[in-house]
Amino acid sequence: MDLIKLEEILFIAAIFSYLVCSGIYIWYLVSRNRKAASLGTALLALGLTAHTVALILRWITSGHAPMANHYESLSVFGWAIMLFYLTAEKFYPIRAAGALVVPSGFIISSVALVFYSGPEPLAPALQSIWLWIHVSIAMLSYGLFALSFGVGFIYVVQEYLLKKNYDHVMGAFLILFALLGLVFGMWAGSYWAEPARVIADESTGAVKSVWSGSDYAKMFGGAGVGLVLALFLGYAAGKGASRQAFAKRLPSLDVLDEVSYRGIAFGFPLLTIGIVTGAIWADQAWGRWWGWDPKETWSLITWLFYGAYLHTRLTMGWRGRHSAVLAIAGIVVVMFTYLGVNLFLSGLHSYA
Amino acid sequence: MNTEKAAVAASATTTSMPIGKRIVHFLVSMKLALTLLFVIAILCIIGTILPQGDNVYLTDWPNNPLFDFYQTLGLFNMYYSWWFLSILSLLMANMLVCITKRLPTTIRHVVRPRVDVKDVFISNQPVSAVIDGEGQRVMKRAVKALSGRRYRIRTGASGTVLGERGRFSGVASISFHLSFIMLAVGALLGAFLGFDETVEIPDGRTAPIPHTDLQVKNNGFNLETVEIVDKGRVIGYRPLVYSSDLEIYRNGELVDSKVIEVNSPLRLRTYFYDLLNLEGINFHQNSYYRTSRGYVTVLGVNQLPGKNIIYLGFIMMMGGITFGLYFPHRRIWIKVGKEGKLLIGGRSHRSKVSFQRDFDQMITELRQSPQEEDKS
Amino acid sequence: MHLAVLGINHKTAPVELREKVSLNGDACASLSRGLIGESGIMEVVPLSTCNRTEIYAVASRPDAGKREIMASLGATAGVDLRELESCSYFHEGEIAVTHLYTVAGSLDSLVVGEAQILGQIKEAYHAAHENQTTSVLLNRLFRHALEVGKRVRTDTRIGENPVSVSSVAVEMVRKVFDDLEGRSVLLLGTGEMTELTATHLVSNGVTKFIVSNRTYSRAEEMAAKLEGTPVAFEDIADYLPLADIVISSTGAPHYVLHKGTVKKAMEKRHNRPIFFIDIAVPRDIDPGVNDVYNAFLYDIDDLNEVAQDNAAAREKEARKAEHIIAEEVDDFMRWHSSLDVVPTILAMREKAEEIRESELAKALAKFDSDLSENDRSSIEAMAAAIVKKILHSPTVELKKAANERGGYLYVESMRRMFRLNGSAGRAGDTGGNKEKPVQDRGKDEKPER
C-alpha cells in the first residue's frame, strides 16, 4: 500500500467528516435532535481518528514531524482544535458551541488542503529535535485559543440574548461571518491564483511567491465574494438567533465563561513553553535566544495579549463579556502571528 | 448578617487620596502593568512594520530627509533604544513591587495556612453547605472524600479541618514573574560582558576571532542540495545539509575542532565548571554564500556570560506558569457547627465553576450514602 | 370481552363535581371490588387525580358495564346520576386505549407535558393490581400505557419547556448561573408569585434567602418559611451586593431599584452576574438596570414572551407525541384483536384443515389409482371427522371462557399451543413481567393532583 496516497485519502476523509459534522452540529442547534447530538460527537471522534492516523503516516513517510510546512502545521492546528473541542465537550455541556468551533476546525483543516504538498526533506535549520516540540506545543496552544474564541463568541451572543439586545446579536453575527468570509474567500481565491515561485534566499532554500496583478485580483475577488456570501449567511443566522428560544439552546453564561477562560488558562502555559523552546532552539541554531525576528516579536505580542487577559481576569476580577471579547480578539492576533507574519512580513520562519 | 454587611462596606474606594499618593498607587498598580503590556505590544507591532537594524539600508528610508532624526530617536533600532528599554525596566520594577506586595500572603499560605476559623467564615465562603446528621461521623467521611480528591488535610486546634490543593500555586506564579528578572539579568550580563560577532571565512582560510586570542580555520565547506521544482520547472536548489569543518587555534596551537551544522554548533569551554557560562564561546553555522572563488561560511561567534541564568529563567518561567495555572489553589474548611451539624465551605483561586461542580458532587455524596459507608 | 373507560375530567366537569367524584385509595378499592362480577365486569382500574376520575373496565358484554359503573361511581361519590352522566364520557375499544395513552402522555393534562400524571397512573394501576381487580387485559394495557408515557417523555421534548411564569424565570436564571446551589436570593415583596418562584428556586438547590418587605412582619413570616433572613426595606441597597438573584413584586407605584443603586452594588460584587426578576405591575426595577454590565433583568412581559414561546414549542411536541400514541395504540390493538375468541377458533380450524388437506393428498398419492371413488370418499370423511372431533371440545371451552374472567388466558394458551400466528406484537412484549420504575422527570411542573 502506498502510504503517501493512504495519508492523503485519510486526511480528505477526515476533512469530509468535519464538514458533515459542522452540518450536524449546526443542525443540532436548530433542531435540538438528540440523535444528531450523539451522531455528531461520534462522527467527529471518527474524523479525528482518521486525521490522527494521517498525521502519523505523514510523520513516517517524510521521516520528520509533520510540522515543516503550511500544510502540515495547519493540519496539526485543525487537529488540535477538534481534539480540544471534544475534550471540552466531555467535561462541559457546551455542545451548542460546537456549531461554531467545529466549523472553525473544518475551515482550518480545509485550508491545509489548499496548501497540500507531498512529503519534503527538511531545510537544514529545521533539522532538530526541537522542531516537533516547539511547533507541536505552539499548535496545541493555538488550538486551545481557537476553542476559547469559539466559546467566547457564543458567550457574547448568549449575553446579548439574555439582555434581549437583538441588534447586538445581529451585529456579532455579521462581524464574525464577515471575518470568516473574508479570510475563507481570500484563501479560496488564492487557491486559483498561480503565482510564480522563485528562490528568495539561496542559503536557506526559501521559496517566495511572486504575485501578479491577476493573482491579486483572484485573491481579492475571492475575498469579496466570500464577504458578500458570508454577510448573507450572517444575516440569516443573526435573524434566526434573535429569539429568547435560542438563548435556551445555548449553554449557561457560567459554563461558557469558564470554558473560554480554561482554554486560555491551558493555552497560555503551552504558548509560554512554545516560545521558550523556540528560544532554546534559536540559541542552539544561531547562538541567540531572542532576535526580534517578526515571528518572534508577534509571538511575544500574542503572549503579551493573553498575559493581559489573564491579569484582567485573575487580579482585576474581569469576567463575562469583556473577557469573552478579549478571547475573540485573541484569535485575530494568533492568526496574524501564525499566518499573517509569513504572508506579510519576512523573517526566519518563512520556510513554506 | 451584620458581618456580611461590614464586609461589603470594607471595600473602600481610593478616590479620596491625595495626588502624590495616587501617583505612587498607580505606579505599583495592576493598571500600570496592563498599560505597559499594551504599550509594549503596540511598539512591537510598529517594530515589525518598520525595518529594524541593518535591514533599513535595503529600503528607501535612508533617502528620507528626516532619516537621521529618526535614527537618533532609535526608530530603526527600536528594541534596543533607550526608551523601549526604559519601558521594559518600568514593567520589571512594577512587577517586582507587585510580587513583593504579594509575597507575605503567599508565604503564609504555604507555611502557616489558616486552619482554625469561625463558623461564619465557612458559611461566607463562595461555596458552602450545611450537612445534617451526626457531625463527627460525617466529618470523618468528608475528610476521606477530600483526601480522595487529593486534598492535603490539616487539622486545627479547634478540630477544624482544612483541605488544600495546589498550595504552591502562588509560589509558582511568583517564580514565573521572577523569571523575567532572571532573563533581564542574563541579557544584561551578555550585553556588557559578552560579545556576538559574525565572522565570514572562505573555504580553506583562517580568520581571527574578535575579542579573543583565537583563530578559526575553515577546513572545508560541504553542501548537499535538492532541486526545487515548480510547475515542472526547476527553479532552484534547496540545501539539504551544509556544514563547515572548523579548527580553533590559540597561538598556533589546536584547541578544538568540529564539523558544525546549523543545529550543531561548536561549543568551546575554557574550563569545565563554568557554571555561569562566563567564558564559553560558541561557533554557529549561521549561513553561507557563494562567490566566484567558492563558498564562504558565515559564522556566528558569541560569548554570552549569563546564559545559564537565562536557562534557569526559562525553567522558572515554564514551571511557574504551568503549576500556577494548571493547579489552582483550592481550600475547603470543615467544622462541626454549634448545633452539631457539619459546616463545609471553600474557595478556589481559579476555575471556579469546576470547583463548584466538584464541591457539589462531594456534598451530594456526603448527603446520600451514610449507611453504606458505615458498613464498609 | 370489551374494554371501556368511563370518566370525567377538567374539560368535561366543573371543579365542584370533580372534587366530589375524586376518590381516595380506599374508595377506589371498594368501588372496584364491588364492580367485579356485576353484569360481566371482569377487570377494573380506577384512576383518580384532582383533574380527573376515570374507571377502566373489561366486561363480557358490550356497553354492559356502563350503567353499573356509572351507578356505582355515583353512589360512592354521592352525586346525582343525571348530573354525572351529563359531564362524563364513555369510550370503548380502540378509543378507550387511545384515551389512556393520551392521558399517560400527559396530552390530556391541564398543563400539557407535566410529569406527575405518569406516576399517578402507575400508582393507580399498582393499587388495582394489589387489590386483584386486574387480569391479563388491563395488566397489559396499563403496563404498556406506562411505557408509552415514558416514550413520549424521552422521544419528544414535551416536558422541557416550562410555561408558567415562575418556572420560566428559573429557566432563564439557569442560563446565567450554571448551578443554583449556594446562590443567594433577595426577595423584595412577599406576594404569592414571589413565593412560588422562591419555591422553584429551592427545588433547584437555592438555600440562602434574604427577604424584605415594606411591612417588616410579612418579611419575617416569609423568611421563617424559607429559613432566610428578614431585612428592613430601607436597607435593600446594602444587601444587593450579596444577592445573585433578585425577585421583586412589591405593590410600589414607582421604581424600587434604580440603575445607580445596581451599578454601585455591581462594583462591590466585582461584576459577578446578578439576575433581576421583576414580576410586579407597575414595574419595580428601572429597565435601565438591564444595561448595567453583567446585570440581567426580566420583567413580567419578557417572561410571558418566553412562556408563550414555550407553549408553542409544547404544541409542536404534542403533535409528535400524538404520532407516537397512534403507533402504540395500533400495536396494542393488534395484540388485543388476536385475543378474540372467534378469530382464534377460525385460525385453529384453518390450521387443522390445512394439515388435513396436505396429509390427505400425501396419503392418496401413495394409493395412486388403486382406490375406488367410494374408498376415496370414506377416507376423506374419516379425516374430516377426526379433525372435527379433536377440535370440538377446545372450541366449546374457548367460547365458554370468552365470558369468564381471565378467559384471555385460554385464548392465548391455545394460540401458543397451536402456534397460531399473530399473537405477538410490541404490545405483547411490553406486557411481560419486566417492570421498570417510571421516572418523574420534570420537577417544576404543576401537579395534576
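Chain identifiers are assigned alphabetically (A, B, ...) following the order of the sequence lines, protein sequences preceding nucleic acid strands; residue numbering begins at 1 within each chain.
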Review point. Highest number of heavy-atom pairs under 4.5 Å with chain B: which of A:D283, A:T315, A:I129?
Key: A:D283
Point to revise | Donor-acceptor side-chain pairing of B:H211 and B:E197 below 3.5 angstrom | key: yes
**Study point:** Positions in residues 324-339 of chain A that reach chain B, provided some heavy atom is under 4.5 Å away
**Key:** none
Exercise for review: Determine, using ring centers only, whether A:Y306 and A:F268 are less than 6.0 Å apart.
Suggested key: no
**Study point:** Spatial distance of atom CG (B:L90) from atom CG (B:L85) [nearest 0.5 Å]
**Key:** 12.5 Å
Check your understanding: chain A: which of B:I42, B:L240, B:T225 shares the most heavy-atom pairs with it under 4.5 Å?
Key -> B:L240
Exercise for review: Assign the ring pair B:F359 / B:F355 to parallel, tilted or perpendicular, where the plane angle (0 to 90°) is split at 30° and 60°.
Suggested key: tilted
Study note, to complete from the structure: One option among B:I49, B:I321, B:V298 has the most heavy-atom pairs under 4.5 Å with chain A, and it is B:I321
Check your understanding: How are the rings of B:F84 and A:W292 set to each other: parallel, tilted or perpendicular (split at 30° and 60°)?
Key -> perpendicular
Review point. So what's closer than 4.5 Å to chain A heavy atoms on B:F38: side chain, backbone, both or neither?
Key: neither
Check your understanding: Do you know which of B:N263, B:T48, B:L325 has the most heavy-atom pairs under 4.5 Å to chain A?
Key -> B:N263
Practice item. Kindly state whether the ring of A:W289 and the ring of B:F314 have centres lying under 6.0 angstrom apart. Key: yes
Review point. Looking at B:V226, B:I45, B:I40, which has the largest count of heavy-atom pairs under 4.5 Å with chain A?
Key: B:I45
**Study point:** Carboxylate-amine/guanidinium proximity below 4.0 Å for A:E296 and A:R288
**Key:** yes
Practice item. Tell me the residues of residues 256-264 of chain A whose non-hydrogen atoms fall below 4.5 Å from those of chain B, in number order. Key: A:E258, A:Y261, A:R262
